[in-house]
Every structure is written in structure tokens, then in C-alpha cells.
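Fair warning: this is a prediction, and the values are worked out from it, not measured in the lab.
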Amino acid sequence: MAQHNAFYAQSGGVTAVINASACGVIEACRQHSDHIGKVYAGHNGIIGALTEDLIDVSQESVEEIAALRHTPGGAFGSCRYKLKDIESHRAQYERLIEVFKAHDIRYFFYNGGGDSADTCLKVSQLSEKMGYPLTAIHVPKTVDNDLPITDNSPGFGSVAKYIATSTLEASLDIASMCATSTKVFVLEVMGRHAGWIAAAGALAGEGEGQPPHLVIFPEVPFERGKVMARVEECVKKYGYCVIVVSEGARYEDGTFLADSGNTDAFGHRQLGGVAPTLAGMVKQDLGYKYHWAVADYLQRAARHLASRTDVEQAYAVGQQAVELAVAGKNAMMPAIKRVSEEPYEWRIEPAPLAEVANREKFMPREYIREDGFGITDACRRYLSPLIQGEDYPPFENGLPKVASLKLAKAERKLPEFKL
């Protein structure tokens, strides 16, 4: 059996467990040495392939690769860089194939969200057109939990656990001080178009009066009067009000509450902070003392509080991506299939990339309470298994111990390429 090399890269916003997927890919590649020789990682994602900035993963020890499983961030560097359409930017795609040819790369593993699935599919299609045998597999990842087909997205369970825990702990703080101090607390979480992370905050309480008292989803049009009335009702009834709000909260016309007027590298609207915006409304309309917080990078970097379910699934999709590749499958994504809810069981099934790329999975309406301010029992049943179990990293001198990689660069073989 001929042996060829593999390329792995990380894309988009990182998660607490994306490196667990990297660990799964690399360890599985090493177990298939009859098919796969060296593994190269793209330095800063797909940009590393375009600029021939490749990390020779074969220089990393077994121990340090294993340590990726409990290391947050993107160990090889990630990027927000979306390849444009093949027709008008053919040179970029041809450059990728040139780099792969130069380094005998026949396996392409791209670890990211919906935009990455699209890139992976395009690379697969172009390699076929150019007659270069390349097996392209997308490794799912996104804290937003908005990838289709897969039951959930690796990275989401750990964010959900962090947000539910933070909501619970902050609520106890507010409850203990509300008689003479803060009456309203607003926690802003990630989620531009889908309210999955905001929904996870609702796991902090169950039953009448338990915080969070309001969850504000992107899927439910924001009505200022209705929201302020609910806040006032909670403060009068319970002494305080805790709100979890998605960064993508928007008005009926689609305008974001916190639209900054700018766009990011993918063309998405840049959001300027919905928590202070909402807190300002509370002050202006109701006069209550408030505090707000933005979970921001903390929620997706909190490997110390990762869900064991999430860690195991992130590793599994990485490992199964390699199994699909060596079995000759192409343009596929290993997806998580929920087999049963009680007890919670899951397995990995292949999904065609053509059905994944550029599609978003939103919160089903039956997961959102009728009043639009909380989650239903069905949503709770869906979310609860995803935050189960602890998978603490090893600690050293009181801090989490993380992987320390050499990140040795492969020798360049091609002329420089301008992005």
C-alpha cells in the first residue's frame, strides 16, 4: 500500500476542545502508518497551506500530542479566512494543490464550522477537476452548535457547561446582594444567528423564580417594552433579575441590538456588545442598578470546566475523520448521531459535505418557551447530556498544564505566494 502525507488545519474561532480533535486526527494518522506518512499542520489554518507555512507534526512527541486533548486554543494557529469561489479565485485553489503535490499530501483534514465545510468541499471538487487524488474530510467544530446533520457540534458542550455554571454562580452573587445593591445582571454570550449558547444558560435554574429569569434569543424578535415589563416583574417578585442574552439578539426588522456597523473577514456584521446596550435600556426605562458581563473568549477557552461528553466527541470526530479517509471516503464529515437520550448514547456517522456546507441549524421553535424568554422541557432534554461529566486537565503549580509543541516548520519547496 502506497504511503502519502496528510494535512490538518484549524479554522475560525477556536474552542476548548478543538485540540482534542487535533489529537484524534494525529494519533489516528500515526496508527495508519501503512497509508499515512507525515502529518503536516497548516500554521494559522488554510493560510499555512497557501503560503506553504507547514508544521511538521512528526517532530512532536507522543506525550505532547496526547496533551493536546486537555489544551484549549488552537495549537497550530487558526484563522478567519474564507476561500472565495473557484471561478474568480482559481489561482488560490491551484496553489493549494501545488503545495499538496510538492509535499505529497493526499489527505486533507479541515477542522472548523460551516465556512470550513464549504472550503473543504471546494478543495475536494477542484482536486478532482485537476486530476490530483486528494481525500478531503471536514472535522466538525463550532461553539455555536449550528452545523446541520450532526446532533451537536464539538466545542458546544463545553461552552454550554461554562455558561450554565457561570449563570448559576453569578445568580447566587446577585441574589445575596439585591436587597441593597444590584437588581439586574446581564450576561452576554456568543451566538450570532442561533441561540444555542443562550439556551444553555437556562440550565442553571429550573422552576418558578429560579434564574435566569430571561433568556433572549436571536430567533425571537426583541421587543423592548415586553422585555422591560418582564424585568420589572421579576425584580418586584424575586428582588432581582438575571438575563442571559445572545450577542445576535435583534429587532423584528433584523437589525442587531448591538450592530457596530463593521464586518469581519467573513463578511459577517461585527457586533459591539449587546450586554451594555441592554443594561442601558434597563437603567433608562426602569432606573435599576445593574451589572453586566461579556463571557467573550472565556466561554470558549475554559478547558478547565470542559464537558467530558464534549471532549470525548471532539476526539472521536478527529479519529473517525482519519478512518473515513483511509477507507476511501471523500468530501464527508463525521457527524454525531444521538442513539438514545436515557441513557445518553451516541455514535459517529458520515455525512456528505454537500449537505453541510453553508447551512445553519437554528434553535427549533419547540425548544423555546411560548413567551420567548426561556427553554422548554424538550430543549432541556436535548442540552443536559451535552454538559455531563468532568474532564479536568492535569494541574501544575496551581495552573492547568498544557501542551508545549515544537512547531517545527517543514522546508519550503515552492516560490512565495501572495494572498
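- Atoms CE and CZ, from Met130 and Phe100 in turn, are 11.5 Å apart once rounded to the nearest 0.5 Å.
- Judged by distance alone, with hydrogens and angles left aside, the side-chain atoms of Ser61 form a donor-acceptor pair with the main-chain N or O of Glu64 at under 3.5 Å.
- We find the CZ-OG1 distance between Phe222 and Thr255 to be 13.0 Å, quoted to the nearest 0.5 Å.
- A 4.5 Å side-chain heavy-atom check between Pro334 and Leu324 finds at least one atom pair inside the cut-off.
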(request) List the steps, then state whether ring-ring contact (aromatic ring centres under 6.0 Å, His included) holds for Phe217 with Trp196. (result) CA-CA 8 Å; Phe217 304 97; Trp196 295 105; 9.6 Å; no

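- Although no hydrogens or angles enter the test, the distance criterion places a donor-acceptor pair under 3.5 Å between the side chain of Arg365 and the main chain of Ile368.
- Between Val227 and Ile216, the shortest heavy-atom distance links the atoms CG1-CD1, 4.1 Å.
- Checked for salt-bridge contact, Asp377 and Arg381 miss the test: no charged N lies under 4.0 Å from a carboxylate O.
- In this model, no donor atom of one side chain and acceptor atom of the other lie less than 3.5 Å apart for Arg308 and Gln313.
- Taking the side chain to side chain contact (heavy atoms under 4.5 Å, CB included) definition, one finds that Asp173 meets it with Met177, sequence neighbours left out.
- When all heavy atoms of Ile137 and Ala321 are compared, the closest pair comes out as CG2-CB, 3.7 Å.
- Listed for the Gln299 side chain is a donor-acceptor partner under 3.5 Å among the backbone atoms of Asp296.
- Atom CG of Asp253 has more than 12 heavy atoms from other residues, nucleotides or ligands within 6.0 Å.
- A donor-acceptor pair is defined here as one N or O able to donate and one able to accept, closer than 3.5 Å; such a pair exists between the side chain of Arg412 and the backbone of Thr51.
- Ring pair His193/Phe362 is perpendicular by interplanar angle, where above 60° counts as perpendicular and below 30° as parallel.
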Let me check something: any side-chain donor-acceptor pairs from residues 348-356 under 3.5 Å, sequence neighbours excluded? List them with distances.
from   : atom 1 : to     : atom 2 : distance (Å)
Glu349 : OE2    : Arg347 : NE     : 2.9
Glu349 : OE2    : Arg347 : NH2    : 2.8

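- A 4.5 Å side-chain heavy-atom check between Tyr110 and Thr119 finds at least one atom pair inside the cut-off.
- Judged purely by atom type and a 3.5 angstrom limit, Glu360 has no side-chain atom pairing as donor or acceptor with the backbone of Leu147.
- Within the 4.5 Å cutoff, no side-chain heavy atoms of Val245 are placed close to those of Leu214.
- You'll find the side chain of Val184 stays beyond 4.5 Å of the side chain of Lys289, heavy atoms only.
- Proximity of a side-chain donor or acceptor of Thr376 to a complementary backbone N or O of Glu366 within less than 3.5 Å is detected.
- Between Gly48 and Leu54, the shortest heavy-atom distance links the atoms O-CD2, 3.7 Å.
- Here Lys141 contributes atom NZ and Ser78 contributes atom OG; the two are 5.5 Å apart, rounded to the nearest 0.5 Å.
- Two residues are said to be in side-chain contact when any heavy atoms from C-beta on lie closer than 4.5 Å; Asp34 and His32 meet this criterion.
- At a cut-off of 3.5 Å, with distance as the only test, no side-chain donor of Gln3 or Asp104 sits close to an acceptor on the other residue.
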Less than 3.5 Å apart, which donor and acceptor atoms pair up between the side chains of residues 387-396 and the rest of the protein, not counting sequence neighbours?
from   : atom 1 : to     : atom 2 : distance (Å)
Gln388 : NE2    : Ser384 : O      : 2.8
Glu390 : OE2    : Lys161 : NZ     : 2.8
Asp391 : OD1    : Arg303 : NH2    : 2.6

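- Atom-to-atom distance recorded for Leu68:CG and Leu405:CG is 5.0 Å, nearest 0.5 angstrom.
- In this view, Glu128 satisfies the side chain to side chain contact (heavy atoms under 4.5 Å, CB included) rule with no residue, not counting sequence neighbours.
- Relative orientation of the Phe109 and Tyr107 rings is parallel, given thresholds of 30° and 60° on the angle between their planes.
- When the side-chain hydrogen bond (donor to acceptor under 3.5 Å, both in side chains) test is applied to Asp144, no partner is found at least two apart in sequence or on another chain.
- In this model, no donor atom of one side chain and acceptor atom of the other lie less than 3.5 Å apart for Asn152 and Asn145.
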(request) Give the C-alpha distance, both sets of side-chain angles, the deciding distance and a yes or no for side-chain contact (heavy atoms from CB on, under 4.5 Å) between Cys29 and His35. (result) CA-CA 8 Å; Cys29 284; His35 289 82; over 6 Å; no

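- No more than 12 heavy atoms of other residues, nucleotides or ligands lie within 6.0 Å of CD in Glu252, so this atom counts as exposed by the packing criterion.
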(message) Evaluate Gln10 against Asn19 for side-chain hydrogen bond (donor to acceptor under 3.5 Å, both in side chains), listing each step before the verdict.
(response) CA-CA 9 Å; Gln10 300 174 322; Asn19 288 333; 3.0 Å; yes

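- Ring planes of Phe76 and Tyr8: perpendicular class, angle over 60° (limits at 30 and 60°).
- Two residues are said to be in side-chain contact when any heavy atoms from C-beta on lie closer than 4.5 Å; Ile174 and Tyr240 meet this criterion.
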(request) Test Leu278 against Ile243 for side-chain contact (heavy atoms from CB on, under 4.5 Å), laying out the working first. (result) CA-CA 10 Å; Leu278 185 55; Ile243 306 168; 3.9 Å; yes

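- Minimum heavy-atom separation, Asp146 to Ala194: CB-CB, 4.3 Å.
- Formation of a donor-acceptor pair under 3.5 Å by the Glu188 side chain with backbone atoms of Ala275 is found in this model.
- Among residues two or more places apart in sequence or in another chain, the side-chain hydrogen bond (donor to acceptor under 3.5 Å, both in side chains) test is passed with Arg90 by Glu94.
- Of the possible polar contacts, none joining the Ser246 side chain to the Ala249 backbone as a donor-acceptor pair under 3.5 Å is found.
- A 4.5 Å side-chain heavy-atom check between Val57 and Tyr40 finds every atom pair outside the cut-off.
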(message) Is there a side-chain contact (heavy atoms from CB on, under 4.5 Å) between Leu257 and Met281? Walk through the geometry before answering.
(response) CA-CA 11 Å; Leu257 265 69; Met281 291 180 188; 4.3 Å; yes

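- Under the 6.0 Å cut-off for aromatic ring centres, Phe7 and Phe108 qualify, their centroids lying closer than that.
- Note: Arg30 CZ to Ile36 CD1 = 12.0 Å, rounded to the nearest 0.5 Å.
- No more than 12 heavy atoms of other residues, nucleotides or ligands lie within 6.0 Å of OH in Tyr297, so this atom counts as exposed by the packing criterion.
- Under a 3.5 Å cut-off, the side chain of Arg95 and the backbone N or O of Leu50 do form a donor-acceptor pair.
- For the residue pair Asp310 / Ser158, a side-chain donor-acceptor distance below 3.5 Å is found, with atom types taken as modelled.
- The pair Lys409-Asp56 does not meet the salt-bridge criterion, since no charged nitrogen lies less than 4.0 angstrom from a carboxylate oxygen.
- In this structure, the separation between OG on Ser127 and NZ on Lys122 is 14.5 Å, given to the nearest 0.5 Å.
- Nearest heavy atoms, Ala199 versus Met363: CB-CE, 3.7 Å.
- Side-chain contact, Tyr93 with Gln125: no donor N or O sits under 3.5 Å from an acceptor N or O.
- Side-chain contact between Arg338 and Trp346 is absent, with no heavy-atom pair separated by less than 4.5 Å.
- In this structure a side-chain-to-backbone donor-acceptor pair under 3.5 Å is missing from Ser124 to Cys120.
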